[in-house]
2 protein chains.
Amino acid sequence: MNAPRTARERARAELTKEILTAARRQLGEVGGIGLSLRSVSRELGMASSAIYRYFASRDELLTALIVEAYNEIGAAAENADLPVADPIERWLAVWRAVREWSLANRHEFALIFGTPIPGYIAPHITVTVAGRMPLALARITSDAKRSGALIPPPGPTCDPAAIEPDMLRLLEGEEFTPGEVARLILAWNRLVGIISYELHGHLTNVTADDAAFFDYTARTEAALCGLIFD
Amino acid sequence: MNAPRTARERARAELTKEILTAARRQLGEVGGIGLSLRSVSRELGMASSAIYRYFASRDELLTALIVEAYNEIGAAAENADLPVADPIERWLAVWRAVREWSLANRHEFALIFGTPIPGYIAPHITVTVAGRMPLALARITSDAKRSGALIPPPGPTCDPAAIEPDMLRLLEGEEFTPGEVARLILAWNRLVGIISYELHGHLTNVTADDAAFFDYTARTEAALCGLIFD
DNA sequence: ACCGAAACGAGAGCACCGCTCTTGCATATT
DNA sequence: AATATGCAAGAGCGGTGCTCTCGTTTCGGT
């Protein structure tokens, strides 16, 4: 990242940021699909066409918001992880932090885990930031395995050929068995899936205490991954 | 339902159906968010304002499509279930049928399990049809329990207070323990969640054989519910 | 210090959207 | 036959993403 040299570059960087914060603010109100370039431009007191000097299209603005959301949910997961605590506490802390962030930023959550915007293609930049949250989960089981506290329960086996080889080399330096990787994928999928259900109202009239059921879900997935539950 | 008596009523019923099929066709092309009343009206060669004689709003048209989708996915699950087969075979068959339908009707799937359309509130009609698919799953474990083939493995327990009492009385005549209900909810959530991941591209560069990984997922959830796996 | 090039903001305009209202005609009811 | 209702069409409103043009400002090289 180069610091802006000229006054124009400084103004451009500032305005770009202003557009993003305004868009982020409106995202929280109307959601990703309702976000309009024109209303953002109105909020900033500029012509709608001027926005195109900074973002080539609405999709490009959305991409910036998506990257931001991925980083925030990843940071929430990482910050909640205190490597000193015992594995199950770390696991629960990360799960709860991800849920808290999602409940507080439901439109941002929908942006990254909801129905993809039609015609929108995620740029390659997003793949690295998208991995921060699941990696935080993997790190916990990795540490547990190193300390001998990982005891995966019996269950159906997953054909290693069903998983991408790169995925099997998850977390360099720490060798996971294909079965452990498969269950980590399931845990990551579960974390997103149960939050989606809660946010989309699919748990209405199903669960009575969403937080308690979420904790139960987190424990169930922890047990499946081999973390010991009390 | 009364059969249409007059010619006008017959024409109205026919046109209503035509609008729905045209909308359904366009849904498969542009998705729910891209579905436009005007383009539907164009396809039918009528003025856009005429559509409002049949559907009060775009939301109402979407509701009709949502009910249709719920019924289709429920029917797919029910039709795949052959009560003579052994539980694990039934379970796999239902899961696969739901996945097949979802892959073939991804926009319809997104309509019912994706990000809710902003401002759209699901009418009460949808709650009964929405239960067909999860009930198909419950029926399998119910039958297995009756024949003594349900052996839930150990794992974290769910506080019964976290689940709605009505849910605990799931499937009248067949008493489930709170733990069994909790795991059924998780299985239902997993089925939708893993399909969502596949459809949204979250499994790209993660799994190499989506169908195989899906089968593994189905077996894992079956085991969690207490169905014996080989 | 000047001058061409590039960046920039504003505005008009295009084609689209959901939705409303009015108007005139066809159908059904009394 | 007269009246009431159902219906399709068109115009119109305010909104959208996006493009193009037109002056203006700023920057970099000479």
Side-chain angles (χ1 to χ4, degrees), chain A residues 2-20 22-23 25-27 29-66 107 111 116-121, chain B residues 2-20 22-23 25-27 29-66 107 111 116-121:
Chain A
N2 287 341
R5 295 247 154 250
T6 73
R8 175 175 280 172
E9 277 175 348
R10 201 162 352 114
R12 180 179 181 83
E14 257 180 42
L15 241 178
T16 305
K17 199 172 180 183
E18 270 183 50
I19 292 172
L20 264 179
R25 212 192 51 70
Q26 295 207 1
L27 177 70
E29 288 181 359
V30 294
I33 201 65
L35 201 158
S36 117
L37 270 178
R38 288 180 115 108
S39 70
V40 169
S41 76
R42 269 195 300 272
E43 181 171 328
L44 267 56
M46 63 199 314
S48 66
S49 56
I51 303 274
Y52 286 84
R53 299 278 179 196
Y54 301 87
F55 294 93
S57 67
R58 183 174 171 275
D59 276 8
E60 201 168 282
L61 212 176
L62 280 176
T63 299
L65 293 175
I66 287 175
H107 290 118
L111 218 50
I117 282 95
Y120 175 84
I121 297 164
Chain B
N2 287 341
R5 295 246 153 250
T6 73
R8 175 174 282 176
E9 276 174 348
R10 200 158 356 110
R12 179 180 183 81
E14 256 181 43
L15 241 178
T16 305
K17 198 172 182 182
E18 270 183 52
I19 292 173
L20 264 180
R25 211 192 51 71
Q26 294 209 0
L27 177 69
E29 289 181 358
V30 294
I33 201 63
L35 201 158
S36 113
L37 272 178
R38 289 181 116 110
S39 68
V40 169
S41 75
R42 269 196 300 271
E43 179 171 330
L44 267 55
M46 65 197 315
S48 66
S49 56
I51 302 274
Y52 287 84
R53 295 274 173 196
Y54 302 86
F55 294 93
S57 66
R58 184 174 169 274
D59 276 8
E60 201 167 281
L61 212 176
L62 279 177
T63 298
L65 293 175
I66 287 174
H107 290 117
L111 218 52
I117 283 95
Y120 176 84
I121 297 163

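Every chain is numbered from 1, with letters handed out A, B, ... down the list of sequences.
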Inter-residue atom distance [X].[atom1] - [Y].[atom2], 0.5 Å rounding:
{"X": "A:L35", "Y": "A:L27", "atom1": "CG", "atom2": "CG", "answer": "6.0 Å"}
{"X": "A:L65", "Y": "A:H107", "atom1": "CG", "atom2": "NE2", "answer": "12.5 Å"}
{"X": "A:L37", "Y": "A:I51", "atom1": "CG", "atom2": "CD1", "answer": "6.0 Å"}

Can you check the [X] [atom1] to [N] [atom2] distance for me, whole Å?
{"X": "B:R12", "N": "D:dC7", "atom1": "CZ", "atom2": "C1'", "value": "9 Å"}
{"X": "A:I33", "N": "D:dG17", "atom1": "CD1", "atom2": "P", "value": "10 Å"}
{"X": "A:R58", "N": "D:dT19", "atom1": "CZ", "atom2": "P", "value": "14 Å"}
{"X": "B:I19", "N": "D:dC7", "atom1": "CD1", "atom2": "C1'", "value": "12 Å"}

Grab the two heavy atoms, one from [X] and one from [Y], that are nearest each other, plus how far apart they are.
{"X": "A:A23", "Y": "A:V40", "result": "CA-CG2, 4.0 Å"}
{"X": "B:G32", "Y": "B:R58", "result": "O-NH2, 2.9 Å"}
{"X": "A:F55", "Y": "A:I19", "result": "CE1-CG2, 3.7 Å"}
{"X": "A:A56", "Y": "A:E60", "result": "N-OE2, 3.2 Å"}

Would you check if the side chain of B:Q26 reaches a backbone N or O of B:S39 as a donor-acceptor pair within less than 3.5 Å? yes
For B:R12, is there any backbone N or O sitting under 3.5 Å from a side-chain donor or acceptor partner on B:R53? no
Which residues share a salt bridge (Lys or Arg N to Asp or Glu O under 4.0 Å) with B:E14, sequence neighbours left out: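 For B:E14 there are no salt bridge (Lys or Arg N to Asp or Glu O under 4.0 Å) partners, ignoring immediate neighbours.
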So, using salt bridge (Lys or Arg N to Asp or Glu O under 4.0 Å) as the criterion, who are the partners of A:R25 when residues are at least two apart?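 Counting only residues at least two positions away or on another chain, A:R25 forms a salt bridge (Lys or Arg N to Asp or Glu O under 4.0 Å) with A:E29, A:E43.
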Quick check for you: among D:dT16, D:dA9, D:dT19, whose closest atom lies nearest to any side-chain atom of A:Y52?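 It is D:dT19.
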From the list A:L61, A:L20, A:T16, side chain to side chain contact (heavy atoms under 4.5 Å, CB included) with A:Y54 holds only for A:T16
Kindly calculate the angle separating the two end axes of the helix from C:dA1-D:dT30 to C:dT30-D:dA1, each obtained from five base pairs, and round it to 10 degrees. 0°
Does B:Y54 make a side-chain N or O approach to OP1 or OP2 of D:dA8 shorter than 4.0 Å? yes
Looking at every strand, decide which applies to B:L15 at a 4.0 Å heavy-atom threshold: base, sugar-phosphate, or nothing.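 Sugar-phosphate: the residue B:L15, judged by heavy atoms under 4.0 Å, touches backbone atoms but no base.
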Classify A:L35 by what it touches in the nucleic acid, base, sugar-phosphate, or nothing, heavy-atom distance under 4.0 Å.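 A:L35: backbone/sugar contact only, no base atoms under 4.0 Å.
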Quick check: any donor-acceptor pair below 3.5 Å linking the side-chain of B:S49 to the base of D:dA8?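 When only heavy-atom distances are counted, B:S49 does not reach the base of D:dA8 through any donor-acceptor pair under 3.5 Å.
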Could you list where the contact with chain B starts and ends along DNA chain C, reading 5' to 3', using a 4.0 Å heavy-atom cut-off?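 From 5' to 3', the first and last contacting nucleotides are C:dC17 to C:dA28.
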Can you give me the N/O atom pairs linking the protein to nucleotides 12-15 of chain D at distances under 3.5 Å, or say none if there are none?
| residue | atom | partner | partner atom | Å |
| --- | --- | --- | --- | --- |
| D:dG12 | O6 | B:R38 | NH2 | 3.4 |

Treating primed atoms plus P, OP1 and OP2 as sugar-phosphate and everything else as base, which nucleotides of nucleotides 23-30 of chain D get B, S or - for protein heavy atoms under 4.0 Å? --BBSS--
